[in-house]
Every structure is written in structure tokens, then in C-alpha cells.
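We count residues from 1, following the sequence as given.
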Amino acid sequence: MEDIFVLAISVFIFLFLLLAALFSNSLTIASNLIFIGIVVLLVPVSLVRVLKYRKFKAYEKVFPIFLRDVAESLQSGSTLASSIQASEKVDYGSFSAEVKKMSNQLSWNISVEKVLESFSMRVKRSKILSRSITIIKQAEKSGGNVAESMGSLAENIQS
């Protein structure tokens, strides 16, 4: 959503500068306005994309730690929902905000499957995170050993 907003503003400014260049009496001013317009069009969108890329890379770096924490909690007899809520207290850096969102959704009695689906939609640009969530959901649905699946998944992601 941020991408679209930044792109819209950039396009608006670009069109304004292009219009100003068309009404300019000087070729030098017109070419400078067009150049500045192109820079205004490309730099903000690129910057937003780079920042999102870094955010997802940071998520991918911390995600195995989160999975191990949840798996440990599951092995002690907790449910997946309570394990995710318990991990809210751990500092995962920028990923902590996502854990808090999941914990809040679970506290509103939203099903674990829907919470994981929502998280998957928020991180759909990261194939690692999306695939991991799909595996966790399938393990939860099939009644398999979710803790073992998460531990194995954490090892695979980290390697």
C-alpha cells in the first residue's frame, strides 16, 4: 500500500514538473525539470522497495529464533496459540511488531489458522516466510507434531 501511495505522489510531482517544462521558455530549464522529474519518479519508489527488502531480510533472520521459541513452548505442553502469545514477551527486533499483531489477534479469539493466514499475507513478498507459514498451517491441520516441524523448519531456514 505504501508503494502505491509513494508512486502516486511521485507521478503527480513528475507530471507537474513535466507540465512546467512544457511551458518553460528555456530549453535548459525544461531539460533540468524533466531530469528532476525522472529522479523524483524513481528515487522514492526505489527507496521504499529497498527499505521493505531490508525489513523482510531482518524478519527472515529472526524468524528461526521465533520458531524455536514457539516449538519449545509447544514441547512443554502449550497450544500453538498460547505459544505464540507467550513469545510476544521476547524481543525479536522489528519482527516483534508482527508477533504482537499475531498475539493480539489470538487474544480476540481469531483462529490460529486465520492468524497465520493474515501473517502470511503481510509477508507474502518473502518466499521463505510464506512457505514456512504454509508448512506450519499444514502441520497444525493434519495434527502432526507441530513442535518438531517448527524445529526442523527453523534449522532449514537458518542453513
Side-chain angles (χ1 to χ4, degrees), residues 1-17 37-159:
M1 192 60 157
E2 299 151 357
D3 293 352
I4 295 170
F5 181 71
V6 170
L7 180 63
I9 290 174
S10 296
V11 166
F12 177 75
I13 293 171
F14 172 74
L15 291 175
F16 177 76
L17 291 172
I38 291 171
V39 169
V40 165
L41 188 62
L42 296 177
V43 170
V45 173
S46 300
L47 186 62
V48 167
R49 294 187 124 216
V50 166
L51 291 174
K52 279 192 172 189
Y53 174 80
R54 285 186 179 175
K55 178 176 92 170
F56 285 122
K57 281 300 173 188
Y59 283 8
E60 289 172 0
K61 186 177 180 182
V62 176
F63 192 63
I65 299 167
F66 168 73
L67 289 177
R68 282 192 193 99
D69 291 347
V70 172
E72 286 175 12
S73 183
L74 284 169
Q75 288 172 344
S76 69
S78 298
T79 63
L80 182 56
S82 61
S83 298
I84 292 171
Q85 287 177 314
S87 66
E88 178 185 9
K89 297 174 181 81
V90 180
D91 181 23
Y92 297 108
S94 62
F95 187 68
S96 292
E98 290 296 333
V99 175
K100 185 162 181 65
K101 281 180 192 175
M102 287 189 282
S103 178
N104 286 340
Q105 289 174 331
L106 290 168
S107 70
W108 299 331
N109 290 326
I110 297 174
S111 71
V112 174
E113 185 179 345
K114 291 208 186 266
V115 169
L116 291 175
E117 184 66 34
S118 172
F119 173 68
S120 180
M121 292 303 292
R122 290 193 302 270
V123 296
K124 65 183 172 188
R125 287 190 178 178
S126 169
K127 289 181 182 178
I128 292 172
L129 297 176
S130 295
R131 289 179 185 162
S132 300
I133 294 302
T134 301
I135 291 169
I136 294 167
K137 286 189 322 188
Q138 290 302 318
E140 174 75 10
K141 272 185 192 177
S142 67
N145 189 344
V146 179
E148 187 178 311
S149 298
M150 287 181 139
S152 158
L153 196 56
E155 286 179 30
N156 287 333
I157 292 171
Q158 203 157 25
S159 65

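Contact check for Leu80 versus Met150: side-chain heavy atoms found under the 4.5 Å cut-off.
The side-chain contact (heavy atoms from CB on, under 4.5 Å) search around Val43 returns Val39, not counting sequence neighbours. Judged as a side-chain contact (heavy atoms from CB on, under 4.5 Å), and not counting sequence neighbours, the contacts of Leu7 are Val11, Val45. The side-chain contact (heavy atoms from CB on, under 4.5 Å) search around Ser126 returns Phe56, Glu60, Ile128, Leu129, not counting sequence neighbours. With sequence neighbours left out, the salt bridge (charged side-chain N to carboxylate O under 4.0 Å, His left out) criterion links Lys61 to no other residue. For Thr134, the side chain to side chain donor-acceptor pair (under 3.5 Å) test picks out no residue, with sequence neighbours left out. Remark: Ile38 pairs with Phe14, Ile34, Leu42 by the side-chain contact (heavy atoms from CB on, under 4.5 Å) rule, at least two apart or across chains. In terms of the side chain to side chain donor-acceptor pair (under 3.5 Å) criterion, residue partners of Tyr92 (sequence neighbours excluded) are, by chain and number, Asp69. Under the side chain to side chain donor-acceptor pair (under 3.5 Å) criterion, Ser132 pairs with no residue, sequence neighbours left out. The salt bridge (charged side-chain N to carboxylate O under 4.0 Å, His left out) search around Arg125 returns Asp3, not counting sequence neighbours. Under the side chain to side chain donor-acceptor pair (under 3.5 Å) criterion, Ser103 pairs with Glu88, sequence neighbours left out.
With rounding to the nearest 0.5 Å, the separation of CG in Leu67 from CG in Leu153 is 5.5 Å.
Pairs passing the ring-ring contact (aromatic ring centres under 6.0 Å, His included) check and including a residue from residues 129-159, sequence neighbours excluded, do not occur.
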Validation: residues 113-121 side-chain donor-acceptor distances under 3.5 Å, sequence neighbours left out:
unit_1: Glu117; atom_1: OE1; unit_2: Lys137; atom_2: NZ; d: 2.2
unit_1: Ser118; atom_1: OG; unit_2: Gln105; atom_2: NE2; d: 3.3
unit_1: Ser118; atom_1: OG; unit_2: Arg122; atom_2: NH1; d: 2.8

